[in-house]
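One structure below.
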Amino acid sequence: MHLNKSLASDAQLYEILRRELGRQRNKLEMIASENFVSEAILEAGASVFTNKYAEGYPDRRYYGGCEYADEIEAITQARAKKLFGAEHVNVQPHCGSSANMAAYFSVLNPGDAILGMDLAHGGHLTHGASASFSGKLFKCHFYGVAKDTELIDYNQVAQVAEAVKPKLIVAGGSSYPRIIDFQKFRQIADRCKAVLMVDMAHFAGLVAAGLYPSPVPAAEIVTTTTHKTLRGPRGGLIFCRKYLAKSVDDQVFPGVQGGPLMHIIAAKAAALGEALEADFIDYQRQVLKNAKRLATNLTDAGFRLVSGGTDTHLLLIDLKPSGITGHTAQVALDKAGITANKNTVPFEKERYSVASGLRLGTPALTSRGMLEPDIDQVSEFIIEALRNTEDDARLRKIGLRVEEFTKKFPLYADLL
Ligand code: DSN
């Protein structure tokens with residue numbers, strides 16, 4: 001396969017694609033929300049469906065020529081419902097933010113109160129942060145983690161819910177390394193008659209594999225992206241109870257979006273097909289084992305992990321005791337060929353652009369075939385880099401060793 005052959009006539013673009021592929025191959029990808037899709041998913045995402053307008057839904061389109069678009073969307077819906085055991089799914093959201101926006105609009109009006117997890121404690125921008133549409137359109141209230149355990153403080157969730165009577169409660173987040181108790185959220189939502197929405201973007205792949213509790217039985221609405229642990233193309237999905245199906249569909253189109261990205265929907269079908277295979281469970285098991293091994297190695301080396309460890313694919317180092325910031329750590333790791341992101345930690349005092357934490361994840365490395373002994377080597381690279389953040393020469397040397405190491409785990413060997 002030589003996917004980008006026709007781009008060779010555009011030397012400028014070809015060169016950028018070639019360098020990006022090289023970056024992905026030669027570095028250690030540890031951003032917890034990233035992954036490497038299969039070549040089948042790449043192909044579906046780059047397919048002729050990019051040419052097709054298909055506003056509406058299968059058998060209810062506004063344009064002609066949608067017979068195959070209908071087939072592909074129906075297959076995507078069927079696979080998504082089977083994988084997660086949901087009553088209804090909308091597979092058209094272009095991303096997690098538009099999925100969350102459409103989900104909110106299906107049950108809320110502007111000005112309604114919502115309750116979500118504080119961004120600094122592990123929530124997501126779209127769960128009510130003032131910089132996001134959610135913070136601008138709704139009255140947003142927040143819960144967080146307890147100071148001593150750094151686990152979600154369910155008593156606080158209940159108290160705030162009782163006080164502000166939100167119309168919707170959001171569970172889920174982007175840097176919370178532990179399992180969330182959806183039944184507790186359900187009870188709290190029932191007591192204040194709120195809709196419960198779970199944003200499972202980060203752990204959707206683990207849910208699909210049965211390695212993380214499914215939020216589908218507990219929540220009226222479950223949103224996700226498709227490109228994190230689920231290992232699909234960039235995009236979103238909304239699952240909901242049957243009684244909300246029309247409302248959710250109407251809010252995705254025409255409420256928030258226009259024409260669906262049919263090529264991405266084709267790629268979602270490919271990804272969901274892969275997730276229904278038995279070896280997807282083995283993959284997710286290894287993601288968890290690798291994250292636990294990384295957590296153990298970092299702890300043994302003296303680093304402090306928020307909540308003391310992880311139950312998931314991600315972990316969060318609190319760098320305050322190490323005397324460096326998240327920004328410094330991210331820059332140093334970059335020089336050493338390790339890609340990760342700075343992150344706020346609970347009760348953060350730094351600005352978001354500096355941050356006191358570093359988030360690391362294992363989904364992408366596991367997709368490259370890494371097992372625990374490989375994670376031991378990766379841990380050594382990380383630890384050495386974090387202990388030598390000001391020593392550029394040493395960081396560059398680690399980078400060369402990283403590049404050599406990555407050759408053992410070929411990525412897209414047939415491309416370019
Ligand atoms: N940007 C994603 C993440 O990194 O977690 C959340 O949308």
Side-chain angles (χ1 to χ4, degrees), residues 86 88 90 93 96-147 151-176 178-203 213-224 236 238-248 250-252 255-256 344 346-347:
H88 180 76
N90 186 302
S97 281
S98 61
N100 285 352
M101 184 185 267
Y104 291 150
F105 288 164
S106 71
V107 288
L108 299 174
N109 290 308
D112 282 344
I114 69 171
L115 174 60
M117 192 171 188
D118 189 323
L119 187 59
H121 287 230
H124 186 255
L125 280 166
T126 57
H127 299 179
S130 58
S132 133
F133 75 89
S134 54
K136 296 186 202 316
L137 290 181
F138 305 112
K139 274 192 218 104
C140 297
H141 304 274
F142 300 98
Y143 60 85
V145 298
K147 207 156 198 167
L151 302 176
I152 290 174
D153 184 344
Y154 294 96
N155 290 331
Q156 186 207 15
V157 182
Q159 279 162 13
V160 182
E162 194 50 43
V164 306
K165 299 267 185 294
K167 206 160 166 191
L168 177 137
I169 298 177
V170 193
S174 57
S175 58
Y176 186 69
R178 297 296 187 174
I179 283 173
I180 299 171
D181 189 334
F182 300 122
Q183 284 313 322
K184 280 198 181 140
F185 270 103
R186 178 72 267 161
Q187 287 159 9
I188 294 166
D190 283 344
R191 280 205 292 274
C192 64
K193 300 195 172 22
V195 171
L196 177 61
M197 171 177 139
V198 175
D199 178 345
M200 66 168 177
H202 260 273
F203 44 86
S214 173
V216 171
E220 287 92 336
I221 305 175
V222 176
T223 60
T224 187
I238 305 175
F239 299 93
C240 65
R241 301 265 169 85
K242 244 197 184 106
Y243 79 93
L244 286 172
K246 180 167 169 21
S247 187
V248 164
D250 287 350
Q251 290 308 325
V252 174
V256 171
T344 51
F347 311 100

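Along the sequence shown, residues are numbered consecutively beginning with 1.
- Side chain of K167 to main chain of A113: no donor-acceptor pair is present (N/O by atom type, distance under 3.5 Å, no hydrogens or angles).
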- Assess whether side-chain contact (heavy atoms from CB on, under 4.5 Å) is satisfied between F203 and I180, documenting all intermediate values. CA-CA 10 Å; F203 44 86; I180 299 171; 4.3 Å; yes

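- The structure places OG of S247 at 11.5 Å from CG of N90, a figure rounded to the nearest 0.5 Å.
- The shortest non-hydrogen separation linking Q251 to A102 is CB-O, 3.4 Å.
- Other residues, nucleotides and ligands contribute at most 12 non-hydrogen atoms within 6.0 Å of the NZ atom of K246.
- Residue A218 comes nearest to Q183 through the heavy atom pair CB-NE2, 3.9 Å, listed as atom of the first residue, atom of the second, then distance.
- Between atom CZ of residue F133 and atom CG of residue L125 there is a gap of 10.0 Å, rounded to the nearest 0.5 Å.
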- Message: One pair to check against side-chain contact (heavy atoms from CB on, under 4.5 Å): Y104 and M197. What are the steps and the verdict?
- Response: CA-CA 9 Å; Y104 291 150; M197 171 177 139; 3.8 Å; yes

Pair up each side-chain donor or acceptor in residues 189-196 with any protein partner under 3.5 Å, not counting sequence neighbours, and list the distances.
from	atom 1	to	atom 2	distance (Å)
D190	OD1	R186	NE	3.2
D190	OD1	R186	NH2	2.9

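- Side-chain atoms of Y176 and H202, non-hydrogen and from C-beta on, never get closer than 4.5 Å to each other.
- Side chain of K139 to main chain of I114: no donor-acceptor pair is present (N/O by atom type, distance under 3.5 Å, no hydrogens or angles).
- Taking each heavy atom of T223 and A99 in turn, the nearest pair found is CG2-O, 4.0 Å.
- Side-chain contact between F105 and D250 is absent, with no heavy-atom pair separated by less than 4.5 Å.
- With values rounded to the nearest 0.5 angstrom, L151 atom CG is found 11.0 Å from I179 atom CD1.
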- Task: Go through D199 and H124 one step at a time and tell me if the side-chain hydrogen bond (donor to acceptor under 3.5 Å, both in side chains) criterion holds.
- Result: CA-CA 9 Å; D199 178 345; H124 186 255; 4.8 Å; no

- F185 and I152: CA distance, side-chain angles, deciding distance, side-chain contact (heavy atoms from CB on, under 4.5 Å) verdict: CA-CA 11 Å; F185 270 103; I152 290 174; 4.3 Å; yes

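- Within the model, atoms SG of C140 and NE2 of H127 stand 11.0 Å from one another, a figure rounded to the nearest 0.5 Å.
- Here the CD1 atom belonging to I221 is positioned 13.0 Å from the CZ atom belonging to F239, to the nearest 0.5 angstrom.
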- Message: Apply side-chain contact (heavy atoms from CB on, under 4.5 Å) to residues N100 and S134 and explain how you reach the verdict.
- Response: CA-CA 9 Å; N100 285 352; S134 54; over 6 Å; no

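- Residue P166 comes nearest to A161 through the heavy atom pair CD-O, 3.3 Å, listed as atom of the first residue, atom of the second, then distance.
- For V198 against A219, the heavy-atom pair with the smallest separation is CG2-CB, 3.7 Å.
- The two atoms that bring A129 and L119 nearest to each other are CB-CD2, 4.3 Å, heavy atoms only.
- Here Q159 contributes atom CD and I188 contributes atom CD1; the two are 10.0 Å apart, rounded to the nearest 0.5 Å.
- Using a 4.5 Å heavy-atom cutoff, the side chains of Y143 and M117 are in contact.
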